[in-house]
Amino acid sequence: MLFATLAIIKIGFGYGFELLFLILMSTDVFLMDDNIFIKMLVIFFEAAIFFRLLITKKFVWNFDPAVIDFYILNFLAYFFSVNVVNYSSLSFFEIKNKFENMKLVEEKERYKKIAEYDILTGLVRKFYMEQQLDEAIDDYNCKRLDNLVLIFSDIDDFKNINDTYGHPNGDIVLARIGAIFKRNFRKDDIICRWGGEEFLILMKNFRKGFAYNIIDKLREKVSKQNFSFDDVNVYITMTFGVCAVYDSKITYEELIKTADDLLYEGKHSGKNKVVYKEI
């Protein structure tokens with residue numbers, strides 16, 4: 001653009017540099033920033049320069065008028081070919097960038113899923129549950145939630161399953177429990193593999209008095225699951241500690257400790273039961 005401008009200033013119109021100026025001016029539509037205001041501003045500025053040169057410089061035809069058609073066709077051919085090439089190139093790079101961005105988004109989502117979800121059970125991991133639980137407690141204490149129900153659960157005598165039938169079979173039990181939990185809780189409930197054979201479930205805005213019955217039915221479903229290891233039918237049980245918060249403000253530590261204490265109580269009073277408490 002600068003070269004074409006200086007050439008017109010030096011020798012005037014009619015030598016083809018005006019064609020170069022106009023062609024380069026048209027390419028700005030494709031090559032510049034996506035901001036339409038900046039594009040229009042630059043093109044207006046370049047047009048002003050061109051018309052200023054047109055006014056101050058004498059337009060001289062330096063070739064036979066008989067070839068003026070050739071001159072115009074030459075201009076049009078350059079104009080369209082340059083812009084088609086520019087547009088095609090940009091379209092290619094835009095498509096390429098879109099695919100690369102899609103790939104980055106997919107990679108990001110994949111790593112996010114790996115970070116947030118337990119691969120074996122498909123349930124959320126501990127650190128994700130900690131974040132959600134902390135937010136839920138804050139919402140409850142600020143009256144943005146009516147209530148919270150936190151459930152600590154543990155597979156009874158899971159160590160014996162691993163020791164007797166092997167860890168791969170223990171993994172089958174964990175995966176099956178994860179699937180049962182996902183089928184029997186609401187979509188908005190957060191189900192976490194807390195660690196090992198422990199699970200933590202967070203339910204929000206649950207009808208008062210219903211939590212115990214729902215969890216006890218879940219306990220019965222688990223106890224009826226038949227696992228076959230080495231042609232031996234094995235039945236497992238689970239113990240649940242359920243803390244329902246309806247009327248009191250509570251901290252993260254208090255809620256975790258209360259649910260954990262209820263689970264501990266159930267473990268030491270026969271297992272395969274639900275220990276429930278409202279606070």
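This chain uses plain numbering: 1 for the first residue, then up along the sequence. All heavy atoms count here, side chains included; hydrogens, waters and symmetry mates do not.
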inquiry  = To the closest 0.5 Å, what do you measure between CD1 (I256) and CD1 (I137)?
reply    = 7.0 Å
key: Same apolar cluster (I L V M F W Y, side chains within < 4.5 Å links), V222/V242   = yes
query = Does D118 reach the main-chain N or O of V124 with its side chain, forming a donor-acceptor pair under 3.5 Å?
reply = no
message = Let me check something: do F158 and V232 share a hydrophobic cluster, defined by ILVMFWY side-chain heavy atoms less than 4.5 Å apart, either directly or through other members?
response = yes
ask   = Do other residues, nucleotides or ligands put more than 12 heavy atoms under 6.0 Å from the NZ atom of K182?
value = yes
query = Within 45° of the six-membered ring axis of F240 and under 6.0 Å from that ring's centre, is NZ or CZ of R219 located there?
reply = no
request  = Please say which of I155, L123, I161 ends up in a side chain to side chain contact (heavy atoms under 4.5 Å, CB included) with L174.
outcome  = I155
ask   = What orientation do F229 and Y165 show, parallel under 30°, tilted 30 to 60°, or perpendicular over 60°?
value = tilted
inquiry  = For K277, is the NZ atom crowded, meaning more than 12 foreign heavy atoms sit under 6.0 Å from it?
reply    = no
ask   = In this structure, which one of V234, I236, V173, I180 forms a side chain to side chain contact (heavy atoms under 4.5 Å, CB included) with Q225?
value = I180
inquiry  = Would you say that more than 12 heavy atoms from the other residues, nucleotides or ligands in this model lie under 6.0 Å from the CZ of F185, or not?
reply    = yes
message = Measuring only between side-chain heavy atoms, which start at C-beta, is M238 closer than 4.5 Å to V274?
response = no
task = For residues R193 and Y117, determine if any side-chain heavy atom of one lies less than 4.5 Å from a side-chain heavy atom of the other.
result = no
